[in-house]
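Ligands are counted one by one from 1 in listed order, and the atoms in each one are counted from 1 as well.
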Amino acid sequence: MKNYLVIGNPIEHSLSPKLHNFWIKKNKIDAIYSKQKLNDSEIGSLILKVKKKLIDGVNVTIPFKQKVIPFLDILSLEAESTQSVNTIYLENNRLVGHNTDIDGFSLSIKKIDFEVTNKEALILGAGGVTPSIIYALNKMNVSKITVTNRTREKAENLKKLFKNLDIIEWGNITNFDIIINTTSVGLNTKDEIQLELPKEIKNKLFFDVIYNPQETNFLKKGKELGNKTENGKNMFIHQASAAFEIWHGVQPEINNDVMRLLD
Ligand code: ATR
């Protein structure tokens with residue numbers, strides 16, 4: 001039986017096992033997908049197990065997406081460009097790090113009817129998933145990307161990876177066509193991002209990487225003002241589906257049963 005897992009800290013709330021095990025069963029694959037909470041000092045020995053073929057694939061979540069990199073042999077272009085790895089596998093005896101969050105975001109945007117090309121994007125936050133979103137937006141040819149983060153330095157650091165960013169003070173709002181929340185504010189239903197949104201903001205896209213709760217206060221506000229909204233559920237499902245395809249060579253079906261699994 002093949003052995004897959006997601007590593008992170010915290011990890012209790014990860015829905016990856018539920019999703020992957022559903023697809024594993026559907027496709028009659030002899031495998032199991034579990035989750036493991038790690039400390040920084042345990043990353044190396046865990047990844048060594050992939051090299052020794054004791055583990056067949058690893059998903060990586062917060063706070064390890066960058067921290068796993070020194071233990072890998074090669075990175076895909078996407079992982080290298082974002083310095084972010086969420087999927088690990090062995091290929092020709094080399095440990096490969098890849099990033100499927102990028103495709104996850106791009107595909108979730110493609111699913112909704114909102115043209116991104118030549119539009120201006122404003123990103124809230126500069127955490128683990130932010131580089132993947134910037135990379136995806138660049139690939140979709142947005143005209144401008146602005147980042148604002150509570151800790152400004154972390155936003156400034158992103159300029160080392162992406163030259164074309166504008167950084168503004170936290171809480172300031174510039175013009176935007178798409179606004180994306182990549183912060184963890186909203187995970188608790190009562191959380192509210194302290195933002196002064198102009199009242200006339202309309203027909204824009206409000207995207208939140210959070211999918212539980214399904215509608216954060218950020219999305220609620222966007223909707224009330226007359227904007228399109230999208231949560232992170234499809235992004236999550238598509239990043240998982242891309243990892244599944246890499247590991248098992250099968251594209252898993254995304255249907256209503258899958259959507260309901262995550263409710
Ligand atoms: P990490 O920072 O370890 O990558 P993350 O969950 O990926 O963790 O990112 C958390 C993001 O949410 C960061 O952008 C963080 O801002 P800071 O860099 O200033 O910490 C943001 N964040 C978390 N709590 C916040 C709050 N109460 N207000 C504003 N931003 C917040």
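- The ligand atoms of ligand 1 that sit less than 4.0 angstrom from a heavy atom of G125 are 14 (O).
- Residues forming a salt bridge (charged side-chain N to carboxylate O under 4.0 Å, His left out) with D30 (at least two apart in sequence, or on another chain): none.
- Using a cutoff of 4.0 Å between basic side-chain nitrogens and carboxylate oxygens, K223 and E215 are scored as salt-bridged.
- Every atom of ligand 1 with a heavy atom of T151 under 4.0 Å away is listed here by number and element: 17 (P), 18 (O), 19 (O), 20 (O).
- Within 4.0 Å of atom 20 (O) of ligand 1, at least one protein heavy atom is present.
- Take W247 and apply the ring-ring contact (aromatic ring centres under 6.0 Å, His included) test, not counting sequence neighbours, and it matches Y4, H20.
- Of the possible polar contacts, one joining the D56 side chain to the N3 backbone as a donor-acceptor pair under 3.5 Å is found.
- Polar contact with ligand 1: present for G128 (N/O pair, distance under 3.5 Å).
- Remark: ligand 1 atoms within the under-4.0 Å shell around heavy atoms of I62 are 5 (P), 6 (O), 7 (O).
- A donor-acceptor contact shorter than 3.5 Å is absent between the side chain of T87 and the backbone of N99.
- Checked against a 3.5 angstrom limit, the closest N/O atoms of S184 and ligand 1 fall inside it.
- When heavy-atom distances to ligand 1 are checked against a 4.0 Å cut-off, T183 comes that close through both its backbone and its side chain.
- When non-hydrogen atoms are compared, ligand 1 lies under 4.0 Å from the side chain of N149 (C-beta onward) but not from its backbone.
- Considering backbone and side-chain atoms together, P63 places no N or O closer than 3.5 Å to any N or O of ligand 1.
- Between K159 and L165, the closest heavy-atom pair is CE-O, 3.4 Å.
- Taking NZ from K51 and CZ from R94, the interatomic distance works out to 9.0 Å, rounded to the nearest 0.5 Å.
- Using a cutoff of 4.0 Å between basic side-chain nitrogens and carboxylate oxygens, E156 and R152 are scored as salt-bridged.
- At a distance under 4.0 Å, a protein heavy atom can be found next to atom 6 (O) of ligand 1.
- Considering each of Q66, R150, K154, the one bringing a non-hydrogen atom nearest atom 24 (N) of ligand 1 is R150.
- Close contacts between ligand 1 and W170 involve ligand atoms 29 (C) [criterion: under 4.0 Å to a heavy atom].
- D257 and R260 are joined by a salt bridge, as a carboxylate oxygen and a charged side-chain nitrogen come within less than 4.0 angstrom of each other.
- Scanning the protein heavy atoms around atom 9 (O) of ligand 1, the nearest turns out to be G127 CA, 3.4 Å.
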